[in-house]
Asks: 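Input: one structure, supplied below.
Atoms considered below: every heavy atom in the structure, side chains included; atoms not considered: hydrogens, waters and symmetry mates. Values in this document were obtained by computation on a predicted structure and should not be read as measured data.
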Amino acid sequence: MIKLNQKTSKVNHSKFSKSLLEWYDINARNLPWRIPPELTKEGITNDPYKIWISEIMLQQTGVKTVQSYFLNFIKRWPNVIELNKAKEDDVLKAWSGLGYYRRARNLKNCAKTICEKYNGIFPNCTEELTKLPGIGNYTAAAIVSIAYNKIAFPIDGNIQRIVSRLFEIRDEIKNDKTNLLENLKEIFSQKRPGDFAQAMMDLGSIICKPANPTCNSCPVLKYCLAHKNNTYKSIPFKTKKVKKVAKKGYLYIGITDCKKIILIKRPNNGLLGGTICPPTSEWKVNKFPIPKPPYEGDWKVLDNRLFHSFTHFELELKIMISKVKHFPQNVYLEPLNDYTLNSLPTVMKKGVEMGITSFND
DNA sequence: AACTCGGGGAA
DNA sequence: TTCCCAGAGTT
């Protein structure tokens, strides 16, 4: 539903973006994947590779969390050619702790396609970009606007929130953004589409925050219908989430004679897909399954339990540990050092840390 | 259209 | 605790 009442129709296309971009020119966040506005205004453009990596990392992941991962990643694989040469397992290890591990595998697959079908050059239109693995409507539009400074309409959580408040849209947030798009097209900047998108994101991060927005310092306050009518606290509207189910299981930490930990590669589909972890039992809702350690040994259960929160359920793991002499050929044997720990998904890192602490006692 | 995918920062 | 984060892919 598009709401074009008298107040919102006065939102002037060029005046809005002028106010926003003047604010951005002074207040832009200094981010490692970003060319600052004083340089983009001189025609210097962002590196599509860096914008791509950052956009994938930033999917459902905060800027603060992403920065160090981004710098490490770019240092190790500075361009798409190098990334294409990387091993998928190494990319997954570099991704460990970020979550949503499918992103890392899609990244590798996408690099392959870019190198083999696009001669190492990122497409500059959303139609081609959305064909690539891991790149949906949002990321395609972000690359087109931010990296190539062409007109496109990335709609992330920030832009969704800001536009909803500007036009006082009370609709429930959905996957389908066509509604918001109509309103966004009334206010965006044709001259600086890349900076406009980033300015909206910075505004959403610094001023127009989800809770307690600092409206008194907002550069586009006079255009905001939700502020005018004091409805911003309930916009955007979201339904409250259902309570998470509790799942329980066992984590098996097998240690070889040469003090290495036995790891296996999880199936590509499903939770923590493709990552290399200690084996676990099945995870049953509300009760522990019967423990069945995968290798012969003198298994003991730790007193401490591991609690970890996923998006859709809470996990409680009992940790079992044993010395293991016989194991299959296809396992991964890794030394118990910081590199190994930091290459594990967070839940597994926590479990291994608990396990080896007790093992050393 | 509804699920499934992690993890952490911040209030 | 709860919410939210520069979402995409699958069902």
Asks: Within the structure shown, what part of the strands sits under 4.0 Å from A:Val63 by heavy-atom distance: base, sugar-phosphate, or nothing?
Replies: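 Base, at least one base atom sits under 4.0 Å.
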
Asks: Name the closest nucleotide to the A:Lys241 side chain, picking from C:dC4, C:dA6, B:dG7.
Replies: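 Closest of the options to the side chain of A:Lys241: C:dC4.
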
Asks: Given C:dA6, B:dA11, B:dG9, identify the nucleotide with an atom nearest to the side chain of A:Asp156.
Replies: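 Shortest atom-to-atom distance from the side chain points to C:dA6.
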
Asks: Say you pick atom P in C:dA6 and the same atom in B:dA11; how far apart are they, in whole Å?
Replies: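 Looking at atom P only, C:dA6 and B:dA11 are 14 Å apart.
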
Asks: At 4.0 Å (heavy atoms only), tell me whether A:Arg105 reaches a base, stays on the sugar-phosphate, or touches nothing.
Replies: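 It contacts nothing in the nucleic acid.
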
Asks: With a non-hydrogen cut-off below 4.0 angstrom, is A:Gly270 in contact with a base, only sugar-phosphate, or nothing?
Replies: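 Answer is sugar-phosphate: A:Gly270 comes under 4.0 Å of backbone atoms only.
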
Asks: Choose from C:dA6, B:dG7, B:dG6 the nucleotide whose nearest atom is closest to any side-chain atom of A:Gln60.
Replies: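 Taking heavy atoms from C-beta onward, the closest nucleotide is B:dG6.
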
Asks: Determine: side-chain N/O of A:Tyr101 to OP1/OP2 of B:dG7, distance under 4.0 Å, yes or no.
Replies: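 Yes, A:Tyr101 has a side-chain N/O under 4.0 Å of OP1/OP2 on B:dG7.
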
Asks: Once you round it to whole Å, what is the distance between C1' of C:dT10 and CG of A:Asn106?
Replies: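 Between C1' of C:dT10 and CG of A:Asn106: 12 Å.
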
Asks: Could you state the atom-to-atom distance from CG of A:Leu98 to P of B:dG9 in whole Å?
Replies: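 A:Leu98 atom CG is separated from B:dG9 atom P by 12 Å.
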
Asks: Atom CG of A:Leu83 and atom NZ of A:Lys108: how far apart are they, to the nearest 0.5 Å?
Replies: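 The NZ atom of A:Lys108 is 6.0 Å from CG of A:Leu83, to the nearest 0.5 Å.
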
Asks: Are A:Lys325 and A:Asp257 close enough for a salt bridge, meaning some N to O gap below 4.0 Å?
Replies: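 So A:Lys325 pairs with A:Asp257 through a salt bridge.
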
Asks: What is the distance from NZ of A:Lys64 to C1' of B:dA10, rounded to the nearest Å?
Replies: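 Taking NZ of A:Lys64 and C1' of B:dA10, I get 10 Å after rounding.
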
Asks: Indicate, with a heavy-atom threshold strictly under 4.0 Å, whether A:Ile155 touches base, sugar-phosphate, or nothing.
Replies: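 It contacts nothing in the nucleic acid.
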
Asks: Check whether any side-chain nitrogen or oxygen of A:His308 sits under 4.0 Å from OP1 or OP2 of B:dG7, and answer yes or no.
Replies: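 For A:His308, the contact criterion (side-chain N or O under 4.0 Å from OP1 or OP2 of B:dG7) is met.
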
Asks: Let's see if you can work this out: which of C:dA6, C:dC4, B:dG6 has an atom nearest to the side-chain heavy atoms of A:Leu272?
Replies: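 Looking only at side-chain atoms, A:Leu272 lies closest to B:dG6.
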
Asks: Closest to the A:Tyr100 side chain: B:dC5, C:dG9, B:dG7?
Replies: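 So the side chain of A:Tyr100 is nearest to B:dC5.
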
Asks: If you only use heavy atoms from C-beta on, which nucleotide in C:dA6, B:dG6, C:dG7 is closest to the side chain of A:Phe310?
Replies: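 Ranking C:dA6, B:dG6, C:dG7 by closest atom to the A:Phe310 side chain puts B:dG6 first.
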
Asks: Check each of A:Ile114, A:Thr139, A:Ile143 against A:Leu132 using the side-chain contact (heavy atoms from CB on, under 4.5 Å) test, and report the only one that passes.
Replies: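 Exactly one candidate clears the test, A:Ile114.
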
Asks: Looking at the side chain of A:Pro210, which of B:dT4, C:dA6, C:dC4 is the nearest nucleotide?
Replies: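 Per side-chain heavy atoms of A:Pro210, the pick is C:dC4.
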
Asks: Would you say A:Arg102 places a side-chain N or O within less than 4.0 Å of OP1 or OP2 belonging to B:dG6?
Replies: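 No, because none of the side-chain N or O atoms of A:Arg102 sits under 4.0 Å from OP1 or OP2 of B:dG6.
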
Asks: In whole angstroms, how far is the C1' atom of B:dG6 from the CE atom of A:Met348?
Replies: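 In whole Å, B:dG6 C1' and A:Met348 CE are 12 Å from each other.
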
Asks: Is it the case that the base of C:dG7 and the side chain of A:Tyr138 share a donor-acceptor contact (distance under 3.5 Å, atom types as modelled)?
Replies: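 Counting by modelled atom types and ignoring angles, no donor-acceptor contact under 3.5 Å is found here.
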
Asks: May I ask you to verify if any side-chain N or O of A:Thr61 is less than 4.0 angstrom from the OP1 or OP2 atom of C:dA6?
Replies: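 Checking A:Thr61 against C:dA6: no side-chain N or O falls below 4.0 Å of OP1 or OP2.
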
Asks: If the test is side-chain contact (heavy atoms from CB on, under 4.5 Å), which one of A:Lys318, A:Lys292, A:Glu282 qualifies with A:Tyr250?
Replies: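 Output: one option passes, namely A:Lys318.
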
Asks: Using the P atoms only, state how far C:dT11 lies from B:dG6, rounded to an integer number of Å.
Replies: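 Those two atoms are separated by 15 Å.
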
Asks: Pick the nucleotide of DNA chain C nearest each of A:Lys240 and A:Thr139; which residue has the one closer to the 5' end?
Replies: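 Closest to the 5' end, via its nearest nucleotide, is A:Lys240.
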
Asks: Let me know the distance between CG of A:Asn137 and C1' of C:dG7, rounded to the nearest Å.
Replies: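 Value for this atom pair: 10 Å.
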
Asks: Angle class for the A:Trp95/A:Phe73 ring planes (parallel below 30°, perpendicular above 60°, tilted otherwise)?
Replies: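 Rings of A:Trp95 and A:Phe73: perpendicular, over 60°.
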
Asks: Give one of base, sugar-phosphate or nothing for A:Trp33, where a contact means two heavy atoms less than 4.0 Å apart.
Replies: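 The answer is base, as A:Trp33 lies within the cut-off (heavy atoms under 4.0 Å) of a base atom.
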
Asks: Of the nucleotides B:dG7, C:dC4, B:dT4, which has the atom closest to the A:His312 side chain?
Replies: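 Between B:dG7, C:dC4, B:dT4, the one nearest the side chain of A:His312 would be B:dT4.
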
Asks: Cut-off 3.5 Å, side chains only: do A:Asn342 and A:Lys349 have a donor facing an acceptor?
Replies: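 A pair is found: one side chain offers a donor N or O, the other an acceptor, under 3.5 Å apart.
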
Asks: Check if the side chain of A:Thr311 and the base of B:dG6 share a donor-acceptor pair of N or O atoms closer than 3.5 Å.
Replies: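 Side chain to base: pair present.
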
Asks: Could you tell me how far apart A:Lys233 (NZ) and B:dA11 (C1') are, to the nearest whole angstrom?
Replies: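 Atom-to-atom, A:Lys233 to B:dA11, this comes out as 14 Å.
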
Asks: Is the ring pair A:Tyr232/A:His227 parallel, tilted or perpendicular, if the boundaries are 30 and 60 degrees?
Replies: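 Ring orientation, 0 to 90° scale: parallel.
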
Asks: When rounded to the nearest Å, what value does the distance between C1' atoms of B:dC5 and C:dC5 take?
Replies: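 Those two atoms are separated by 15 Å.
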
Asks: Starting at the 5' end of DNA chain B, which residue's closest nucleotide do you reach first, A:Ser309 or A:Asn212?
Replies: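 Nearest nucleotide further toward 5': that of A:Ser309.
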
Asks: Hey, does the side chain of A:Lys50 come within less than 4.0 Å of C:dA6's phosphate (OP1/OP2), counting only N and O?
Replies: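 No, outside the criterion.
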
Asks: Given atom CG of A:Asp202 and atom P of C:dA6, what is their separation to the nearest angstrom?
Replies: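 Nearest whole value for this atom pair: 10 Å.
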
Asks: Rounded to the Å, how far apart are A:Arg103 CZ and B:dG7 C1'?
Replies: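 Those two atoms, CZ and C1', are 9 Å apart.
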
